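Remember, it's a predicted structure, so these values are computed and weren't measured experimentally.
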Amino acid sequence: MKKFLVLFAVVVFLSSCSDYQKALKSEDTAVKFAASTKLYDAKKYGKAIRLFEQIAPAYKGKPSAEKMFYMYAQSLYKTKQYYLAGYQFESFVASYPKSEKIEEASFLGAKCFTFLSPVYSLDQTDTNKAIDKLQNYIDSYPEGQNIAEANNLVKNLREKLEKKAFENAKIYNNISDYKASMVAFDNFMINYPGTIYKEQALYYKFNSAYLLAINSIPAKMEERLQNAKLLYGTFIKFKADSEYKAKADEMLARIENDLKQFSK
């Protein structure tokens with residue numbers, strides 16, 4: 001019995017392979033469509049894609065085109081070909097605005113770009129595209145079935161942009177361009193007023209002001225020391241028990257000691 005089942009499975013496998021090869025070589029688009037649909041239903045997306053690619057140009061305008069292009073986009077999505085899937089979903093939305101699948105296609109087309117979004121340290125062009133496309137979905141379908149996931153994806157993407165902006169501002173501090181660092185942290189806090197990095201941003205702005213002051217020429221030192229002292233106050237007012245307080249207190253002691261020379 002066991003040998004029979006194994007033999008039967010082999011026969012079915014060879015038969016399916018033979019049907020697939022026949023469909024690939026066939027000149028009949030109906031044969032290719034039937035075979036690709038069968039493969040799609042069986043979740044054999046890679047093989048289905050090869051057939052969809054063959055019949056896509058000829059299927060535009062046909063009654064079954066809507067189903068075919070939906071399955072094509074889904075197959076690309078299932079095989080993680082997100083750039084191509086995004087393009088196909090967007091094309092589907094534009095071509096079939098009255099389709100019952102349009103909301104799903106709009107969402108998945110936007111979601112594809114979230115997979116293309118790189119780590120925060122790299123160029124964020126695709127991240128911004130993903131946010132724009134998800135926002136379009138949210139605006140178009142405020143009560144949509146995917147609205148919760150869309151909002152969560154936008155939140156995560158914006159947090160990535162926020163982290164990148166913060167790390168970019170830190171770079172100026174790291175390379176000792178303290179004036180630019182202070183401006184960058186100011187801009188960061190303006191652009192992200194509720195940021196989770198505010199404590200660190202205030203600390204690094206103060207740190208930059210401190211380092212700028214103690215390394216200044218005498219003619220500019222007093223004013224810069226006073227400015228750094230004010231920034232210490234802003235930092236402590238925001239987070240009195242900050243993990244950076246000990247370091248900040250050490251810098252403040254140096255500031256107050258250096259200011260004594262200007263009070264004589």
| task | Please test S91 against F69 for side-chain contact (heavy atoms from CB on, under 4.5 Å), starting from the C-alpha separation and ending with a verdict. | result | CA-CA 9 Å; S91 178; F69 281 108; over 6 Å; no
| remark: Between F235 and E199, the two heavy atoms sitting closest are CE1-O, 3.8 Å
| query | Do N173 and S208 have a side chain donor and acceptor closer than 3.5 Å? | reply | yes
| task | Output yes when a side-chain donor or acceptor of K160 lies under 3.5 Å from a complementary backbone atom of P118, and no otherwise. | result | yes
| CG of L225 to CG of L259: how many Å apart, nearest 0.5 Å? | 4.5 Å
| Stepwise salt bridge (charged side-chain N to carboxylate O under 4.0 Å, His left out) test for D249 and K245 | CA-CA 6 Å; D249 286 346; K245 187 177 184 302; 2.7 Å; yes
| field | K67 vs F33, side-chain contact (heavy atoms from CB on, under 4.5 Å): CA-CA, chis, key distance, verdict | value | CA-CA 10 Å; K67 179 180 179 181; F33 178 76; 4.2 Å; yes
| field | Minimum side-chain heavy-atom gap M182-L231 below 4.5 Å | value | yes
| message | Under 6.0 Å from the ring centre and within 45 degrees of the ring axis: does the NZ or CZ of K163 meet both conditions for the six-membered ring of Y120? | response | yes
| Is there a path of hydrophobic side-chain contacts, each under 4.5 Å between heavy atoms of I, L, V, M, F, W or Y residues, that connects Y83 with L157? | yes
| query | Under 3.5 Å, side chain of E162 to main-chain N/O of N191, donor-acceptor pair present? | reply | no
| Could you go step by step and tell me if E256 and K260 meet the salt bridge (charged side-chain N to carboxylate O under 4.0 Å, His left out) rule? | CA-CA 7 Å; E256 290 180 332; K260 290 177 181 178; over 6 Å; no
| message | Run K43 and K78 through side-chain contact (heavy atoms from CB on, under 4.5 Å) and show every step you take. | response | CA-CA 9 Å; K43 299 183 179 181; K78 297 291 187 181; over 6 Å; no
| Is S95 reaching over with its side chain to a backbone N or O of F92, donor-acceptor style, under 3.5 angstrom? | no
| field | K101 side, atom NZ; F107 side, atom CZ - distance, nearest 0.5 Å | value | 15.0 Å
| task | Please answer: with hydrophobic residues joined when any side-chain heavy atoms are less than 4.5 Å apart, are Y87 and I102 in the same cluster? | result | no
| message | Determine whether the aromatic ring centres of residues Y232 and F206 are separated by less than 6.0 angstrom. | response | yes
| request: Walk me through it: do E250 and R254 pass the test salt bridge (charged side-chain N to carboxylate O under 4.0 Å, His left out)? | output: CA-CA 6 Å; E250 290 179 9; R254 167 72 184 271; over 6 Å; no
| query | Given L202, which of K239, K237, M189 fulfils the side chain to side chain contact (heavy atoms under 4.5 Å, CB included) condition? | reply | M189
| message | What verdict does the side-chain contact (heavy atoms from CB on, under 4.5 Å) test give for S117 and Q124, after you've listed the backbone C-alpha separation in whole Å, the side-chain angles of each residue and the deciding distance to 0.1 Å? | response | CA-CA 7 Å; S117 173; Q124 295 299 304; 4.1 Å; yes
| query | Is the cationic atom of K62 (NZ for Lys, CZ for Arg) positioned less than 6.0 Å from the six-membered ring centroid of Y59 and within 45 degrees of its normal? | reply | yes
| message | Quick check: closest heavy atoms across E104 and N146, and the distance to 0.1 Å? | response | CA-ND2, 4.5 Å
| said: Within the 3.5 Å criterion, strictly below it, is a donor on Y137 or E103 matched to an acceptor on the partner's side chain? | reply: yes
| How are the rings of F89 and Y77 set relative to one another: parallel (under 30°), tilted (30 to 60°) or perpendicular (over 60°)? | perpendicular
| Any sub-3.5 Å donor-acceptor pair from T114's side-chain atoms to K111's backbone N or O? | yes
| Considering all heavy atoms, the nearest A85-C112 contact | CB-SG, 3.7 Å
| note | CD1 of I217 to CZ of R224, rounded to nearest 0.5 Å, is 7.0 Å
| message | Rounded at 0.5 Å granularity, tell me how far CG in L84 sits from CD in E53. | response | 8.0 Å
| query | Quick one: are L39 and Y20 in side-chain contact, heavy atoms under 4.5 Å? | reply | yes
| Are side-chain heavy atoms of T125 and K129 found at a separation under 4.5 Å? | yes
| field | Spatial distance of atom CD1 (I196) from atom CD (E159) [nearest 0.5 Å] | value | 6.0 Å
| Parallel under 30°, tilted from 30 to 60°, perpendicular over 60°: which one fits the rings of F52 and Y72? | tilted
| Has K133 got its NZ or CZ under 6.0 Å from the middle of the six-membered ring of F113, at an angle within 45 degrees of the ring axis? | yes
| message | Ring-plane angle category for F185 and Y204, please: parallel below 30°, perpendicular beyond 60°, tilted otherwise. | response | parallel
| query | Are any side-chain N or O atoms of K44 and backbone N or O atoms of K38, one a donor and one an acceptor, separated by less than 3.5 Å? | reply | no
| Close side-chain approach of S242 and Y203, heavy atoms under 4.5 Å | no
| task | Give the cluster check for Y210 versus I171: same hydrophobic cluster or not, with ILVMFWY residues linked at side-chain heavy-atom distances below 4.5 Å. | result | no
| query | Is the backbone of D177 close enough, under 3.5 Å, to the side chain of S181 for a donor and an acceptor to pair up by distance? | reply | no
| In one Ile/Leu/Val/Met/Phe/Trp/Tyr side-chain cluster, 4.5 Å: I214, L230 | no
| Pairwise side-chain contact, E222 with N227, heavy-atom cut-off 4.5 Å (strictly under) | no
| said: If we ignore hydrogens and angles and just use 3.5 Å, is the side chain of N215 paired with the main-chain N or O of L211 as donor and acceptor? | reply: yes
| query | Is it the case that one hydrophobic cluster holds both Y244 and Y172, taking links as side-chain heavy atoms less than 4.5 Å apart, direct or via other members? | reply | no
| Pairwise side-chain contact, L161 with N128, heavy-atom cut-off 4.5 Å (strictly under) | yes
| remark: For M221 and A213, the nearest pair of non-hydrogen atoms, with its separation, is CG-O, 3.5 Å
| task | Tell me yes or no: between the side chains of D139 and Q135, is some donor less than 3.5 Å from an acceptor? | result | yes
| message | How long is the straight-line distance from NZ of K60 back to CD of E66, given to the nearest 0.5 Å? | response | 15.0 Å
